[in-house]
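All chains are named by letter (A, B, ...) in the order of the sequence lines, taking the proteins before the strands, and each is independently numbered beginning at 1. What you see below is based on every heavy atom in this structure, not just the backbone, and it leaves out hydrogens, waters and symmetry mates.
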Amino acid sequence: MITDHLPVLQVVIPLLAAPLCVVLRGSFAVRQFVKVVSGLTFLCSLLIFTHVTRHGAMGYELGGWQPPWGIEYRVDALNAFLLLIISGMAAVILPYGTRSILREIPREQHHLFLAIFLVCVAGLLGIAVTADIFNVFVFLEISALSSYALIGMGRSRRALTAAYQYLIMGTIGSTFLLIGIGLLYMKTGTLNMADLALRMPPPHESSTVIAAFAFLSVGVSIKLAVFPLHTWLPNAYTFAPSMVTAFLAATATKVSFYLLLRIVFTVFGVGFAFEAMHLQLLLPPLALAGIFVASTVAIFQTNIKRLLAFSSIAQIGYMVLGLSFGTATGLTAGIVHLFNHAVMKSSLFLAIGCVSFALGAVDLRAMRGLGRRMPFTMAAFLIGGLNLIGIPFTAGFVSKWYLILAALEQQRWFVAGFCLLSSLLAAVYIGRVVEAAYFHDPDPQLTARPVPRGMLAPLWLLTGASLFFGIFTSFPVGAAQRAALLLLGGAP
Amino acid sequence: MSPGLFNDWIVIFLMMTGFYTLITRGNLIKKLIGLGVFQVSVFMLYISMGKVEGGTAPILTEGVVHYSNPLPHVLILTAIVVGIATLAVGLALTVRIQEAYGTIEEDEIRELGGIE
């Protein structure tokens, strides 16, 4: 049955399509081809998601080798949801990108650019689907190397230095991960995550395992851009081509967050991470500092892409905060925010991509009067901004709601208060853009090129989704609750 | 110092050398060299972990009972490939930076507005 092979097809389809892009060469042909591929990938993860929701986790033994020895792909409630997010984002952003790259990438490089993009998608899907921790490292590097190349293809020459910075930081992060994996293997003799959890020696018996935990969590935190390890992110997001920024903001950091969840909860377990390593004391200060520092820095940015990049760092803080509670509600909040932030931040970056397409500039001056000149784009931006602030009836409100519930559950009044307060900062930085767009006259010297419908449609699809999931919350919250219970060792 | 720990000391020494080079050098190529040394130290960590005392290379022959564990060696083959790919992308970016800025010294690029 084809259903049995879905977990591996999920990765194989984009991975094999990438070299085909290079063979096809022609810009038009490749651009149509990648749309079909992203559609197929999305279909694949939809099938997986429905299968997992109905029948529980599915496994796949690569090459027929049994799990603890061979590499296993395993999809449960958590990564089925994540696969859906990654491939869904790819399926929405690729049709947008096939038009936005017309102005950003030279025509003769289109096939290479899109091929690298598919490799990046395959890498991210691979991290999500695999149950083998060394395989995670390999896929992490596949996605990371391709994203360095994608970022380096930005129009400005600063994209190159941004990509270089990211390469250095990212490689340090993944090498830390490699050290951590090695130390774990030394102690347990296995690489399968479920098997690792069974064989994990208690923390007071082995300092090697504690070192492994430190290396793994710091390594992933660099990839996740947890404050203060976020320095690579603003430049990388600012200078990358529009579609790359939107896609990486929606998926790359989310996959890293998933990896952190897996390492903390599946591999090491709550007892190890929270009772012995005191994550509940270590992470909240970092998360809150990240939220406040990044939001404050965002207020003073004039480049809108950079502003949104700093806001991303703040939003990662919310997710980490959700994790740091270590309770079902906290994890639900983190995972719901993972989904909601993927939707809203990609819609914001797509809106800015439209502005960049129309004007060729994305600074605050260029935004003046755009509310009248580009009403559809700016309305989408406004809705995305309201999501970031967390206005009721938007998706952003739902994640804040669960986060504050989780904080109140543990009587952490300060944390709950800080969450509310930080929304005000978001209101300020979004407010500055909205004020420029709606309350200033447009610059008569700047001429706006019409934005094709093919770019507006994906933008509004995501904007619509962020409103839809703000009102009909059962899908993301249900999926997140199932995933949270799974991580804490409960039923499915 | 037991011979078992000797390897670990070498690994730590190499790791710190690579890391220090990576942090302190301003030349983009030298940074990549540091990164390379840093990665190689981890390769050595894996390779020495697979050694079984008194074991030989994992090839089936008569009269041999103890073999070294080949799995870490295989894993690190993959990691070496990843390391080469990283170095290649890093060097390619450095070439492009040289073309765009006319220099690969970090402080000069900063003066040209390439780094904040």
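Separating the OG1 atom in Thr175(A) from the CE atom in Met15(B) is a distance of 9.0 Å, to the nearest 0.5 Å. Here Leu183(A) contributes atom CG and Met49(B) contributes atom CE; the two are 7.0 Å apart, rounded to the nearest 0.5 Å.
Looking at Tyr164(A), the atoms closer than 4.5 Å to chain B (heavy atoms on both sides) sit in the backbone and in the side chain alike. Of the two parts of Phe19(B), only the side chain, counted from C-beta on, holds a non-hydrogen atom closer than 4.5 Å to a non-hydrogen atom of chain A. For Leu22(B), the part lying under 4.5 angstrom from a heavy atom of chain A is the side chain only. Contact of Val89(B) with chain A is made through backbone and side chain together, with heavy-atom distances under 4.5 Å. In this structure, chain B has a heavy atom under 4.5 Å from the side chain of Phe176(A), while its backbone stays farther away. Heavy atoms of Ile97(B) lying under 4.5 Å from chain A belong to its backbone as well as its side chain. Residue contact with chain A, scored on non-hydrogen atoms closer than 4.5 Å, involves the side chain of Thr78(B) exclusively.
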Between Phe137(A) and Leu75(B), is the side-chain contact (heavy atoms from CB on, under 4.5 Å) condition met? List the steps.
CA-CA 11 Å; Phe137(A) 164 76; Leu75(B) 292 181; over 6 Å; no

* Evaluate side-chain contact (heavy atoms from CB on, under 4.5 Å) for Glu99(B) paired with Leu160(A), printing each intermediate quantity in order. => CA-CA 10 Å; Glu99(B) 284 168 1; Leu160(A) 296 169; over 6 Å; no

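Taking a 6.0 Å sphere around CZ of Arg25(B), one finds it holds 12 or fewer heavy atoms contributed by other residues, nucleotides or ligands.
Looking only at heavy-atom pairs under 4.5 Å with chain A, the residue among Val11(B), Leu93(B), Leu28(B) that has the most is Leu28(B).
With Tyr46(B) contributing its side chain and Leu178(A) its backbone, the two residues share a donor-acceptor pair below 3.5 Å.
Ile172(A) and Phe38(B) get closest at one heavy-atom pair: CA-CE2, 4.2 Å.
Identified by a heavy-atom distance below 4.5 Å to chain B, the contributing residues of residues 140-156 of chain A are Glu141(A), Leu145(A), Tyr148(A), Gly152(A), in residue-number order.
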